[in-house]
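Just below is one structure, and these are the notes that go with it.
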Amino acid sequence: MWRAVTDAVGASARDALWDYPDLMPSAADIDDPAALVARLEARARGEEPAPDEMDDALARLLAGEVPEAEGPDEQGRGADDDEGSAPDDHRPV
């Protein structure tokens with residue numbers, strides 16, 4: 001796998017896989033090094049991967065779109081707050 005990655009994108013791109021935990025090769029990458037090489041070659045060409053569910057959820061959150069069931073109600077309680085519980089000391093007022 002490492003030889004294929006090095007041959008495809010060079011030693012610096014191979015070593016950059018260790019820069020962040022989310023870039024590290026997964027078990028699936030080890031099982032299918034060709035897919036890893038294809039992903040790295042696409043990144044080297046400047047292509048962005050297709051967004052997944054996490055990307056979509058993060059984009060909605062950053063845009064301020066909060067699903068109504070998860071947002072605070074009129075009293076500032078979230079969907080899973082108990083009505084009878086005391087306020088959380090760490091929650092901003």
Side-chain angles (χ1 to χ4, degrees):
M1 179 187 79
W2 289 117
R3 183 169 299 153
V5 169
T6 304
D7 291 346
V9 295
S12 63
R14 177 204 62 208
D15 294 345
L17 289 172
W18 301 105
D19 288 347
Y20 300 98
D22 56 331
L23 296 178
M24 290 176 54
S26 66
D29 293 326
I30 294 168
D31 290 341
D32 185 8
L36 173 61
V37 168
R39 193 170 70 242
L40 293 173
E41 287 175 329
R43 185 181 302 145
R45 290 189 303 267
E47 297 174 15
E48 292 291 323
D52 61 13
E53 280 185 45
M54 179 64 86
D55 294 322
D56 293 340
L58 180 58
R60 286 190 306 273
L61 179 66
L62 293 174
E65 300 172 16
V66 177
E68 223 170 288
E70 295 179 22
D73 63 12
E74 288 134 15
Q75 286 80 34
R77 294 186 302 252
D80 32 351
D81 285 346
D82 290 333
E83 285 191 39
S85 64
D88 187 342
D89 290 338
H90 302 287
R91 186 180 315 165
V93 181

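Along the sequence shown, residues carry numbers from 1.
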Just wondering, do L40 and L17 contact through their side chains at under 4.5 Å, heavy atoms?
yes
Are E41 and L36 packed together at the side-chain level, in the sense that at least one heavy-atom pair is separated by less than 4.5 angstrom?
no
Solution key, residues 7-15 side-chain donor-acceptor pairs under 3.5 Å, sequence neighbours excluded:
from: R14; atom 1: NH1; to: T6; atom 2: OG1; distance (Å): 2.9

Ignoring hydrogens and angles, tell me if any N or O in the side chain of D29 forms a donor-acceptor pair with the backbone of S26 under 3.5 Å.
yes
I'd like a table of donor-acceptor pairs (distance under 3.5 Å, sequence neighbours excluded) in which one partner is a side-chain atom from residues 49-58, with atom names and distances.
from: D52; atom 1: OD1; to: M54; atom 2: N; distance (Å): 3.1
from: D52; atom 1: OD1; to: D55; atom 2: N; distance (Å): 2.9
from: D55; atom 1: OD2; to: D52; atom 2: N; distance (Å): 3.1

Answer yes or no: are there more than 12 heavy-atom neighbours, outside R45 itself, under 6.0 Å from its atom CZ?
yes
Worked check of side chain to side chain contact (heavy atoms under 4.5 Å, CB included) between L23 and R43:
CA-CA 12 Å; L23 296 178; R43 185 181 302 145; 3.8 Å; yes
Treating Ile, Leu, Val, Met, Phe, Trp and Tyr as nodes and any side-chain heavy-atom pair under 4.5 angstrom as an edge, say whether V37 and M24 lie in one connected cluster.
yes
